[in-house]
Structure formats: structure tokens, C-alpha cells
4 protein chains.
Amino acid sequence: MVNDDQFNPVRTDLAVEAKDMYGKEEGQSEGITVRDVKKDGIKISYVKINDEGARKTGKKRGHYVTIYADGVKKQDTASQEAAAKILASELENILKLNHIHKNDKGLIVGLGNWHVTPDALGPMTVEKVLVTNHLFELEFETVAKGYRPVAAVTPGVMGVTGIETSEIIAGIIEQYKPEFVIAIDALASRSIDRINETIQISDTGIHPGSGVGNKRKELSKHTFGIPVIAIGVPTVVDAVTITSDTIDYLLKHFGRTWKEKDRPFQSLLPGGFTFGKQELNDTDLPNLEKRQTFLGMVGTLSEEDKRSLISEVLSPLGKNMIVTPKEVDDFMKNMAHVLASGINAALHETIDVDNLSAYTR
Amino acid sequence: MVNDDQFNPVRTDLAVEAKDMYGKEEGQSEGITVRDVKKDGIKISYVKINDEGARKTGKKRGHYVTIYADGVKKQDTASQEAAAKILASELENILKLNHIHKNDKGLIVGLGNWHVTPDALGPMTVEKVLVTNHLFELEFETVAKGYRPVAAVTPGVMGVTGIETSEIIAGIIEQYKPEFVIAIDALASRSIDRINETIQISDTGIHPGSGVGNKRKELSKHTFGIPVIAIGVPTVVDAVTITSDTIDYLLKHFGRTWKEKDRPFQSLLPGGFTFGKQELNDTDLPNLEKRQTFLGMVGTLSEEDKRSLISEVLSPLGKNMIVTPKEVDDFMKNMAHVLASGINAALHETIDVDNLSAYTR
Amino acid sequence: MVNDDQFNPVRTDLAVEAKDMYGKEEGQSEGITVRDVKKDGIKISYVKINDEGARKTGKKRGHYVTIYADGVKKQDTASQEAAAKILASELENILKLNHIHKNDKGLIVGLGNWHVTPDALGPMTVEKVLVTNHLFELEFETVAKGYRPVAAVTPGVMGVTGIETSEIIAGIIEQYKPEFVIAIDALASRSIDRINETIQISDTGIHPGSGVGNKRKELSKHTFGIPVIAIGVPTVVDAVTITSDTIDYLLKHFGRTWKEKDRPFQSLLPGGFTFGKQELNDTDLPNLEKRQTFLGMVGTLSEEDKRSLISEVLSPLGKNMIVTPKEVDDFMKNMAHVLASGINAALHETIDVDNLSAYTR
Amino acid sequence: MVNDDQFNPVRTDLAVEAKDMYGKEEGQSEGITVRDVKKDGIKISYVKINDEGARKTGKKRGHYVTIYADGVKKQDTASQEAAAKILASELENILKLNHIHKNDKGLIVGLGNWHVTPDALGPMTVEKVLVTNHLFELEFETVAKGYRPVAAVTPGVMGVTGIETSEIIAGIIEQYKPEFVIAIDALASRSIDRINETIQISDTGIHPGSGVGNKRKELSKHTFGIPVIAIGVPTVVDAVTITSDTIDYLLKHFGRTWKEKDRPFQSLLPGGFTFGKQELNDTDLPNLEKRQTFLGMVGTLSEEDKRSLISEVLSPLGKNMIVTPKEVDDFMKNMAHVLASGINAALHETIDVDNLSAYTR
């Protein structure tokens with residue numbers, strides 16, 4: 001009877017969207033500022049959206065930072081440590097931008113479902129962060145200088161608890177009264193390329209996609225009254241995305257060949273791209289102008305239209321399928337370590353970029 | 001830095017205490033009613049304390065039910081099913097006594113620490129109970145008749161989250177607004193005999209022991225405004241208890257021998273209780289009256305005094321030691337199954353004593 | 001550094017393939033016998049391949065049974081119990097066909113990776129099966145009649161242990177000397193339709209796909225010298241399959257429309273299938289004969305060719321992507337319960353179809 | 001039915017025993033060499049037993065190293081890192097003493113039961129060690145210099161698998177053919193003081209206590225033909241030990257008071273050690289010589305006799321009780337990190353004392 005078909009346990013891309021969807025190159029216009037920098041070999045993108053930008057794009061006003069941390073995926077230890085350090089400094093910066101002071105009480109929330117590996121990033125990270133609030137409450141005198149009070153919870157997912165996640169968090173905030181929230185979540189990416197490659201930070205909170213029957217509420221300053229910093233990592237794509245992307249690639253593949261050679265199906269012929277033992281004769285192929293027309297038509301479909309067509313086609317099969325790399329467990333373990341290290345260093349003065357690994361278990 | 005020395009993750013005996021501490025045999029007097037029955041070969045004790053009884057004993061007014069379910073410990077499948085059925089009917093009864101109706105919204109709370117096996121009974125049970133509230137909220141029309149809305153959470157322990165557990169629960173109650181709470185917990189028993197043998201139910205909530213620096217709040221109708229049914233199973237004893245009990249047993253052992261034979265240390269002599277290869281001569285032994293005096297003195301110590309002496313002695317070593325059977329993992333798995341089955345059958349009309357096993361995973 | 005890109009933690013369809021790939025309807029010919037029956041509303045397919053069939057199809061000689069158990073996916077408790085009972089009787093039958101006697105010593109092997117939810121079916125089932133061998137070895141006299149000696153292990157996956165799984169199992173068999181092996185595994189299906197819907201049993205063992213650098217050895221009577229009964233449940237599809245299937249569905253969709261209406265793109269037009277707010281004019285569409293030609297061409301590609309084209313296209317992105325339903329955790333918990341119940345009842349005389357649920361935790 | 005009462009999942013003290021049981025101070029005599037050093041503020045004891053020592057003490061010939069790592073218990077990060085470094089260099093040294101070369105193939109075995117927290121140290125450590133063997137086997141060319149082939153397994157406990165653990169390991173060794181084994185285990189200490197305080201290394205393997213019905217075999221060079229390095233950490237004491245120790249402490253307490261003051265029960269009087277509100281009169285106390293006689297008698301019991309008396313007394317209650325600190329989960333997490341870091345640095349040239357933390361997840 002328990003069924004969470006209705007609940008997307010994994011939320012969608014966070015920070016990088018602003019840039020992606022509105023195609024902004026570096027620069028500033030219409031209320032959106034985009035800036036790329038490179039630190040220690042790691043690319044970081046900053047997007048800032050002001051009120052004008054929010055009005056024009058429909059995105060929330062605020063700061064979006066994307067760290068391109070492909071070292072985690074590649075299991076490169078040094079690069080993971082670099083990513084943790086950058087996360088620490090970016091997070092510190094976002095906290096400052098939101099007027100959080102060094103002794104302000106924090107609540108870390110690990111969103112997602114412990115029991116589904118690619119959705120477990122939040123709980124896995126919470127398991128590794130330094131929790132100090134009880135020490136401040138119960139034995140204030142013993143807490144060394146350089147720490148702030150931090151609590152950490154894993155509220156679970158609605159399919160498991162039966163309660164809307166945002167309600168659980170709201171209740172905890174009401175009682176614990178933190179000055180800010182950091183919410184960690186596994187994301188569903190719109191693009192295969194970003195899976196397990198980026199860490200996305202934003203001070204706009206988390207806004208579940210709306211839709212029929214979707215009663216999930218956002219986690220944000222608007223709902224909770226305190227800043228909500230979201231840290232997200234795309235760990236899955238949905239099946240519609242992967243199918244759509246593949247069709248795009250197929251089209252690009254044909255398209256490229258075609259432009260290069262003015263012979264669209266040349267690549268399918270023996271000598272070009274071969275299909276096993278089957279041989280195709282030129283006479284089997286549609287002629288150039290026919291092909292052009294077809295590609296042209298598919299090309300004119302908007303992204304949204306293409307997705308809704310695929311979704312329509314896939315729906316009887318399993319509209320709630322997620323796609324994830326097989327080696328997802330190793331990735332999760334490493335990424336949770338990077339996130340917890342970065343968060344620990346950002347929140348406690350005593351922990352800095354040189355010793356952050358030592359505090360993370 | 002995270003240290004939960006201060007936090008007793010495991011609470012003490014719940015229901016059976018009233019009877020134990022005040023030595024009531026079956027019958028009624030001074031506001032305490034005690035009744036024992038046997039169903040399907042399983043003994044059940046009922047203790048009811050009214051206002052007079054509460055005043056006289058210092059125990060909370062309410063109902064206390066103890067099910068003697070040693071079948072779980074013995075891994076006897078049939079007896080486990082019997083225990084689940086009895087739990088279901090006793091729990092139903094307690095719900096009725098607290099004016100809970102069949103469609104009233106419930107919250108199941110699994111107290112304790114997932115990561116410490118003998119303290120994990122609450123979370124393990126929550127993992128197995130039927131959660132239905134989200135179905136009522138999101139697709140009301142599809143929920144079959146005979147179910148009520150139930151949510152289930154595992155708030156963690158303060159040493160892990162940094163937040164007082166009762167605050168987390170209070171926050172969730174405020175948002176989710178259930179009509180009653182069922183709280184499941186592993187207990188620390190005052191007696192070795194009760195370990196893994198009893199299921200204790202009460203409608204008085206959970207009251208953590210008070211003490212210096214102990215800011216933990218009770219979970220009860222008083223604090224939450226709705227009935228709090230506690231289900232507890234003793235899974236550990238503390239080291240002080242086990243030592244004290246052993247000394248008692250040693251004293252009883254000597255005492256019995258002594259009374260029987262009028263020769264207190266006879267049992268230590270060859271022919272009585274032998275110590276390996278060592279032989280004791282009669283001349284090594286204290287004479288009868290000396291022994292009498294010593295035993296007499298220790299015998300006059302109150303239970304409390306004896307415990308505080310042992311505790312004083314043990315304190316440099318580890319005052320927070322817990323004692324648990326080695327095969328605790330099997331026991332926990334089976335007991336969580338029994339509890340979840342009983343709870344599911346008590347809460348949902350569709351699930352009854354004949355099919356309860358089938359709903360528990 | 002640990003990287004299991006190379007290792008497919010999830011194996012492919014087991015039993016149902018013989019029928020699927022060779023398109024056999026019920027009946028017997030060329031060494032393949034196919035038979036479908038329905039018990040308690042659940043369809044069961046039997047495929048038997050003899051030496052001639054093996055020669056002709058390249059499939060292993062032996063028995064393949066497929067139970068269509070979609071009740072687990074649908075969380076229908078009664079139907080899950082029915083599936084467990086059918087599994088029990090089919091497994092008993094396969095054991096008999098392989099000359100396993102009621103007291104023969106068994107080894108249950110849970111294949112797969114605990115840490116990746118959709119691959120954890122083997123370990124999750126092993127957690128729930130009844131293990132008795134140690135009781136026979138250590139306290140023979142106390143084992144009740146009606147049980148046989150059974151051991152159960154979870155060898156892990158090569159990406160985690162560093163050792164070829166078949167080597168670990170071979171070593172354990174050499175020491176423990178069972179008379180038969182039951183190996184449980186999560187499968188990768190070639191078809192979305194079979195995900196979480198079928199339980200597949202076979203006495204031919206498990207044969208990992210071969211490939212460059214693939215040194216994994218088969219688990220079979222051939223390698224171990226004793227019968228190896230495989231129980232598999234498809235829990236994932238790979239990304240190539242899902243893409244390929246979608247394209248097929250798209251083609252079918254167009255094809256059907258086209259045949260019905262003799263107007264292939266009618267469905268794309270306003271009034272048919274609408275694309276958001278975009279309107280397509282008839283003049284944008286390729287004419288009928290052009291469309292026919294294109295569909296015709298794609299239709300002539302063999303399944304293998306189509307997959308290799310998609311795989312080629314997808315490869316830079318993530319050739320090791322798996323696709324799984326979001327609610328995979330609930331499914332795994334329920335399916336592991338069904339498998340363990342069925343196995344327990346098949347292996348021990350004392351446990352039968354009426355009490356199997358009670359022995360499974 | 002599954003019952004592991006018979007199986008001690010936790011083994012007893014390893015290295016430190018030689019010194020403890022035979023009361024050796026630093027120095028050399030009768031085939032036993034004892035040496036204490038201090039590195040980075042951490043005490044290390046070395047005991048070497050040659051053939052003569054083995055004959056005289058009954059202990060195995062070999063090297064025993066004890067690292068006094070109480071920093072883990074105290075959650076002192078810097079001290080944990082120091083302990084990991086010392087473990088690394090001691091382990092390297094023991095490997096050298098056993099003629100293991102830098103490219104020799106290793107097998108790491110995590111003994112114990114995942115599902116019982118204080119017994120899970122082996123599996124938790126294995127989860128964190130670097131596994132490389134599959135890379136050597138499958139893609140030799142890509143393995144960076146400075147690593148050796150290492151595999152790691154968690155064979156489980158007999159109560160869970162049904163198979164004697166040593167048989168599983170023997171089978172894996174036969175197939176995988178390592179040049180040495182490192183076995184990690186949680187130990188049961190004979191002394192409360194050593195709980196969670198020492199890391200014990202030895203090259204004599206692991207020798208389960210013998211006893212009626214105990215068929216467990218040792219893990220050693222003798223049984224496997226290759227060096228078996230044991231790494232053990234005491235995480236529990238048994239209930240008999242804790243009771244016995246408490247009685248000893250009580251005796252010492254009285255004894256000390258007595259010697260100091262020539263008034264043995266002075267401490268029990270008001271002004272000395274008070275018993276709650278109860279006051280004892282001098283006349284209630286036995287006189288000096290009586291007390292002396294009693295203490296004298298108990299004092300003459302050998303350790304073994306005292307334990308067997310307590311064990312006799314405790315046996316109806318629960319002879320298989322283990323005692324463990326409440327905060328055992330935090331300790332295990334930290335200690336597993338220390339062990340895995342030390343092992344990784346000892347086994348792979350690339351990983352050294354300055355970067356060991358970075359390789360452990």
C-alpha cells in the first residue's frame with residue numbers, strides 16, 4: 001500500500017539552471033550577472049539574479065554558485081580535497097552575503113531517502129558533519145572556542161514517513177530556532193553531462209517542481225523566515241531526459257555528418273558507420289531533400305514539446321524511472337565526504353582548509 | 001567532539017515498575033489495581049494507578065500493561081505470533097481507554113539510536129510499520145477502507161542530532177497534528193530477568209530520569225496535549241545493575257547455604273562448592289557469628305544505597321556502560337517484527353490477528 | 001581509485017530469454033518446450049531446453065521458470081503471499097528435477113552490492129532466509145525434525161572486495177561442501193516491461209555476459225560440480241535499452257497512427273496530438289511517401305544494430321548507466337520477503353505454504 | 001531458530017595478555033622480551049615471545065604490539081591521527097619481520113558481526129580500506145605505481161552464515177592466493193581499563209578460546225600457510241569480568257581505606273563515605289579483626305576461582321552478556337577510520353603518514 005509514485009524523492013537542478021536555461025555567457029544584463037573563475041584547476045560559475053532578473057526569468061532572486069568537481073567522479077583524492085576547500089570558502093561567502101555571523105546557530109538538513117542509494121546524499125552527509133549544539137546546551141563550559149552550535153537532522157521522505165518533509169523541517173525549526181538552514185540534497189539533472197560532476201550552492205532555498213497533486217512546499221526564507229542555503233549534487237537523470245538527450249545526440253550525429261558531407265546517411269553506409277553485417281544500398285535511403293525536411297521538423301520542436309512527447313510515449317512503462325551510474329555507491333561515499341568536510345570548515349572557525357579532512361568520518 | 005556521555009540513549013523500565021517497586025500482589029488497594037491474566041500461554045499483568053495511587057507511589061496515573069513474551073528470546077515462531085496478537089489487542093484496548101477512534105490520525109515515533117544495536121528497537125520497528133498518511137493526503141480516493149492515516153518518524157538521539165528529541169517530536173506534532181502518539185523505545189531494565197522478555201505498554205508517556213544537567217523533557221499528554229502511548233522492551237541493563245544483582249545473588253547463595261546448614265561457608269569447602277584445585281581449611285574461615293555480622297550489615301543497606309556505592313566504585317571506569325546479550329541482533333529483528341505486526345493490527349481495521357504477519361516487512 | 005566501471009554488478013535476464021529471443025509460442029519443437037499455466041491468478045511460463053535446443057539457440061540446456069509476480073510491484077499483500085507460495089513449489093520442483101533430497105545440505109548465495117539499492121536483492125534476501133547449518137554442526141540433537149542444513153553468504157561484488165565473486169563462492173563450496181547452491185541476483189532486463197514484475201528460476205546457473213576484459217566466471221554445475229539454481233528478478237534496465245525501447249515505441253506510435261489514418265503525422269497536428277501552444281502547418285510535414293521511406297529504413301535495422309548505434313552515441317556520456325524505478329526501496333523490501341519466504345518453504349519440510357510468512361524476518 | 005548463544009562473536013584480548021598475565025616488567029627473561037616506548041605522546045608496548053617463552057607461558061611464539069590510543073575514546077582528532085601513523089609504522093614493521101615484500105598480495109579480513117555495533121569493527125574497517133586487487137587483475141596498466149594488490153572481505157559470523165568463519169576464509173585464501181592476511185577484530189577484554197583504549201597487533205594469528213563444543217578453528221600461519229597479522233581493539237567486556245572487577249575494586253577500596261586509617265569501615269561512616277540519608281552506628285560494624293579475616297579469605301581466591309564462582313552465580317541469567325559503553329557507535333566510527341588509515345598507509349607506498357587521512361572514507 002505504501003507507494004511513493006507521487007513523490008519525487010529527488011529534486012531537479014538547482015543553481016546552474018539560470019545560466020543554462022537563459023543561455024547567458026559571462027557578463028551582466030537584464031538583472032542577471034554571470035561570472036566564471038578557475039581556482040586550483042576547478043571551474044566555478046557565479047550567477048546572481050536581482051529583482052529584474054527574477055521577473056524576467058521566473059527564477060528566484062539570489063546567488064547561485066556551481067563548482068565543477070569532476071574529481072569526485074574520477075576518484076582523484078587530491079582533487080576531492082581541492083573541491084572541499086572551494087566548497088568551504090564559497091559556503092562561507094554565501095553565509096556572509098546572508099548576514100550569518102560566526103556564532104549563529106545552524107541547522108543542517110539531509111534531504112532524501114536513506115534506502116535509495118542515489119537519493120541518499122543528504123543523509124550520508126549529515127552522518128559525517130560535526131554536530132555541536134548539544135554540547136553548547138548541556139556543557140557550555142567544555143566547548144572549545146572556534147565552534148558554533150550546529151544541529152543536523154534527516155527528515156526522511158514522504159513515502160517513508162507519511163508526512164510532508166517541509167512540515168517536519170518547519171516543526172524542528174520552530175522548536176530549535178536556528179538562525180540559518182543548510183539543506184543538502186541529491187538532484188535530478190536535466191543533463192547527463194552534469195551527473196556527479198557539479199556541486200551547486202544557492203541561497204534561494206529548495207523549490208520542488210509544481211504539478212497536479214504536488215503539494216510539497218518549498219524550503220526557503222519565505223517559508224521558514226531564516227536563510228536557507230541549498231547544496232545540491234545531481235546524481236540521477238530521469239528517463240525522459242536520457243531518452244531526449246539520446247535523440248538529440250542522434251540528430252546531431254546525423255546532422256553533423258550531413259553538413260560535413262552533404263550526404264546525410266553516408267555514415268550509415270558501409271565504409272562510414274557500419275551496422276553489423278547488414279549492408280544498406282543507396283537506393284534504400286531517402287533522398288537528401290526528404291531527409292532535410294524530417295530533420296528540420298524535429299529540429300523545430302521546442303525542448304518542452306519534445307519532452308512531453310517522449311513522456312507521453314514512456315508513461316505506460318514507468319514515468320518515474322531514474323537513471324544513475326552503476327558505481328553510484330562509491331561516488332556517494334566520496335561526495336558525502338567532500339560535502340561534510342566543506343561544511344565543517346565553513347561553519348567552525350577552528351576547522352580550516354588544512355585540517356578539514358581530519359574532522360570528517 | 002561529539003560526545004553523548006550525558007545522554008542516556010536508553011530509558012528505564014516503564015510499566016512493570018509500579019508493581020515491582022511497590023510489591024503489589026494481585027488485588028486493589030491505595031489506588032493501585034493489579035491483575036494478572038494468561039492468554040494463549042502468555043502472562044499479562046495489568047496495573048492501574050489512579051490519583052490516590054499516583055500520590056502515594058509517585059508514579060504517573062494511568063494504565064500499565066506488561067506482556068511476558070519470552071518466545072521472542074527463544075526464537076519460537078508460534079509464540080512470537082501469539083505475542084503480536086496479544087500486543088494488538090492490548091494496544092487496541094489502551095487506545096479505546098484514551099478515547100482514540102478508529103479513524104483518528106496517529107503518529108508512530110521510533111526512539112533510540114539506529115547505530116547502537118540494543119538501542120535501535122524504535123527505528124527498526126518504524127521501518128516495518130504501515131505508513132498511510134501520505135495516501136490519505138495525496139490520493140484520498142485510492143485508499144482502501146479499513147485503514148487510518150498513520151505517519152512514522154525516527155527523531156534520532158541528541159548525541160547524533162544535537163537537538164533534544166522531545167523538541168523534534170513536539171515540532172512534528174505541531175505541524176502534522178496527530179490525534180495520538182505511539183512511542184516505541186528500547187528500555188534499560190533494573191533487572192536482568194526482564195531483558196528481552198517483556199513488552200511494556202502504558203498510556204502515561206515516557207519520562208526520562210531527572211538529574212543534574214538533564215534537560216530532557218517528557219513525552220506525554222501533559223507536554224504534547226494528546227495521548228502518548230509508550231511501548232517499551234528492556235534490551236539492556238546498566239553495569240551498576242548487573243553488578244548489584246550479582247552481589248545480591250552471591251549473598252543469597254551464601255545466605256541460603258548458611259540457613260540450610262547453619263554453616264555459612266560450608267559451600268566453599270571441598271565437598272560443598274569447590275574452587276578449582278584450591279582447598280580451603282576450616283581454620284581460614286571466619287567463624288559463624290563474624291560472618292553473620294557482615295552479611296547482616298550488607299543486608300541492611302537499602303537498594304539505593306547499594307547502587308550508589310557500586311556506582312561510586314565503578315565511576316572512574318565507565319559509568320555509562322550497558323550490558324546486553326551477545327545475540328542482540330537476532331532478538332531485535334524478531335522483536336521489531338512482533339511490535340510492528342501488533343501495531344499494524346491495532347491501528348488498521350483491515351489488518352487483524354489472522355493476517356498481521358503478512359503486512360509486516 | 002576503486003572503480004567498478006568494468007564490472008557489471010547486475011546481470012541480465014535469465015529465464016525468460018529463451019522464450020523471448022526465439023519467439024516460441026506454447027508448444028514443442030527443435031528441442032525447446034514452452035508451456036504456460038496460471039495458478040492462483042499468477043501466470044507461470046516453463047521453458048525446457050534439451051541438447052538439440054541448446055545447440056540451436058546457444059542457450060544452456062535446462063529448465064527455465066518465469067513467475068509473473070506483479071503483485072509485489074503493486075504492493076498487493078495477498079498477491080505477494082501467492083507469489084511466495086508458487087515460488088516455493090516451483091523451487092521444490094526444480095530441486096527434485098536436479099535430484100536434491102530433502103536432507104541435502106544447501107548454500108544460499110546472495111549476489112550483488114549491498115550499497116546500491118537496485119543491486120541489493122541478493123543480500124537482502126539472504127538476510128531473511130533461515131540459516132540452520134551451524135545448529136546441525138554444533139548441537140545436532142536440538143535441531144527439530146523437518147529442517148535441513150542451510151548456510152547463506154553474501155560474497156559482495158568485485159568492485160568492493162577486489163576478488164572475482166565466483167572465486168569467493170568456489171572457495172566456500174570447497175570448504176563447506178554443500179550438495180546444491182541457490183544463487184539470488186538482481187537482474188538487468190532487456191525490457192522495461194519485465195522490471196520488478198517477474199521472478200525467474202533456472203537450473204542452468206548464472207552466466208555473466210562475456211566481453212573484452214571480462215574475466216568473470218560462470219556459476220554453474222559445470223564450474224562447481226553441484227547443481228546451481230539461479231533465482232533472478234529484473235530490477236533495472238540499462239540506459240541503452242530504455243532509449244532503444246522508447247524509439248521503438250515512438251515508431252510504433254507513428255506507425256499505428258499512420259496505418260489507422262493513412263496520415264502518419266496527423267497525430268502531431270492540432271486536433272490530434274498537440275505540441276503545447278505550437279501549431280504545425282500541414283506544409284511543414286513531410287509527405288506520406290517520404291515518411292514511409294524513413295520508417296521503413298529504421299524498421300529494417302536489426303535489434304542488435306539499433307542497440308549498437310545507440311550505444312555508440314551514448315558512450316561518451318555514461319555507458320554504465322542503470323535505470324530503475326524511484327520507489328525501488330519498497331519493492332526490494334517486499335521482493336526480498338517473497339523470495340526468502342518461498343526459499344524457506346521450499347527447503348524445510350516444517351515450513352509450508354500456510355506458515356511461510358511467519359519464518360521470514 | 002537461529003541462535004548463536006554458542007558462538008562468541010567477540011574474541012578475547014590479544015597482544016597485551018602476554019605482559020599482563022605474566023606480570024613482566026620491561027626487560028628480558030625466560031624467552032619473553034618486554035619493551036615500552038613512547039612516540040608522539042602515545043605509549044607502545046612490545047612483547048616478543050620465543051620458543052622458550054612459548055613453552056613456559058603457553059602463549060604463541062611471535063610479536064605482540066600494543067598501542068595505547070585513548071585519543072579515539074576521547075574524540076581527540078589530532079591524537080587519532082597520531083595513532084593512525086603509529087599503527088602504520090608498527091604494521092609496516094611487523095610485515096617486514098614476517099618477510100612480506102612491498103608488492104606482495106594481501107587479504108584484509110574484517111571479522112565480526114555487522115549487526116551488533118560493538119562487534120562491527122572488522123566490517124566497518126574493511127568498508128574504509130583501499131581495495132586494489134581488481135585493478136591489478138583487470139586493467140594492470142592503469143594502476144599507478146606505489147600500490148600493491150589488496151582484497152578485503154567480511155566473512156560474517158557463524159550465527160549468521162551457518163558456516164565456520166575460518167572455513168570461509170580458508171576457501172577464499174585457496175582461490176585468491178594472497179601472500180599474507182590482516183585480520184581485524186573487536187575483542188572482549190579481560191579488563192575494563194582496556195576497553196576502547198588499545199590497538200593490539202600480533203603476528204600470531206587469532207586463536208578462539210577452546211571449550212566444550214567449540215569447534216572454531218584458529219586463523220594463523222599454521223592453518224593457512226601464510227602469515228596472519230591480527231589487529232584487535234577491545235570494545236566489550238563480558239559480564240563476569242565487570243562483576244569480578246567491581247568486587248575487586250570494592251575490596252581495594254575497603255582495603256585502601258583500611259590501611260590508611262586502620263579503620264576498615266570508616267569510609268562507610270558519616271563523614272567518610274555516606275550512604276544516602278542512612279546513618280550507620282559504629283556498633284553495626286564488624287570489628288577490625290573480623291573484617292581482616294573476611295577480606296583475607298576473598299583475597300586468597302585465585303582470579304580463576306573468583307570468575308568461576310561469579311559465572312556459576314550469573315549463569316541462569318545470561319552467561320553471554322556483553323558490556324559496552326553507550327557511546328559505542330561514535331567510538332567504532334572513529335576507530336575504524338584510524339585502523340583503515342593506518343592499514344592503507346602501511347600497505348601502499350604512495351600513501352604515507354602525511355596523506356593517510358585523505359584516502360580513507
Side-chain angles (χ1 to χ4, degrees), chain A residues 1-7 105-108 114-115 126-127 129-140 142-144 147 149-178 213-216 348 350-351 359 361, chain B residues 1-7 105-108 114-115 126-127 129-139 142-144 147 149-164 166-178 212-217 348 350-351 359 361:
Chain A
M1 252 205 72
V2 177
N3 183 311
D4 58 4
D5 262 34
Q6 293 76 12
F7 321 116
K105 198 159 109 170
L107 175 65
I108 302 175
W114 249 127
H115 299 306
V126 157
E127 186 105 317
V129 295
L130 205 56
V131 170
T132 54
N133 181 64
H134 55 309
L135 304 177
F136 281 87
E137 282 198 17
L138 295 169
E139 34 170 354
F140 186 75
T142 76
V143 187
Y147 294 97
V150 170
V153 294
T154 52
V157 295
M158 193 175 185
V160 169
T161 62
I163 308 177
E164 165 66 51
T165 303
S166 64
E167 286 185 11
I168 294 180
I169 300 168
I172 293 170
I173 287 173
E174 225 165 299
Q175 295 281 328
Y176 168 59
K177 302 195 197 319
N214 192 329
K215 299 180 185 174
R216 289 181 303 142
H348 304 287
T350 300
I351 308 178
Y359 287 83
R361 294 291 177 266
Chain B
M1 252 205 72
V2 178
N3 182 312
D4 59 3
D5 262 34
Q6 293 76 11
F7 322 116
K105 197 158 112 170
L107 175 66
I108 302 175
W114 250 126
H115 299 305
V126 157
E127 185 105 316
V129 296
L130 204 56
V131 170
T132 54
N133 181 64
H134 54 308
L135 304 179
F136 281 87
E137 283 199 19
L138 295 170
E139 34 169 354
T142 76
V143 187
Y147 294 96
V150 170
V153 294
T154 53
V157 295
M158 193 175 184
V160 169
T161 62
I163 309 178
E164 164 66 50
S166 64
E167 285 185 12
I168 293 180
I169 300 168
I172 292 170
I173 287 173
E174 224 164 301
Q175 295 280 330
Y176 169 59
K177 303 196 197 319
V212 177
N214 192 327
K215 298 181 187 170
R216 288 182 302 142
K217 288 166 216 145
H348 304 286
T350 299
I351 307 179
Y359 286 84
R361 293 293 176 267

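Each chain gets a letter, A, B and so on, in the order the sequences are listed, and its residues count up from 1. Values reported hereafter were calculated over all heavy atoms of this structure, with side chains retained and with hydrogens, waters and symmetry mates removed. Just so it is clear, the structure is predicted and the values come from calculations on it, not from any experiment.
Heavy-atom distances place no part of A:Ile169 under 4.5 Å from chain B, backbone and side chain included.
Heavy atoms only, all atoms of each residue included: B:Ala151 and A:Ile163 are closest at CB-CG1, 3.4 Å. Closest non-hydrogen pair, A:Val131 versus B:Val160, comes out as CG2-O, 3.3 Å.
In this structure, the separation between CD on A:Glu174 and CD on B:Gln175 is 5.5 Å, given to the nearest 0.5 Å. Taking CD1 of A:Ile108 as the start and OG1 of B:Thr161 as the end, the distance is 12.0 Å to the nearest 0.5 Å. Taken from CD in A:Glu164 to CD in B:Glu137, the straight-line distance is 8.0 Å, to the nearest 0.5 Å.
Chain A forms the most heavy-atom pairs under 4.5 Å with one residue out of B:Gly156, B:Gly171, B:Pro155, B:Pro149, and that residue is B:Gly171.
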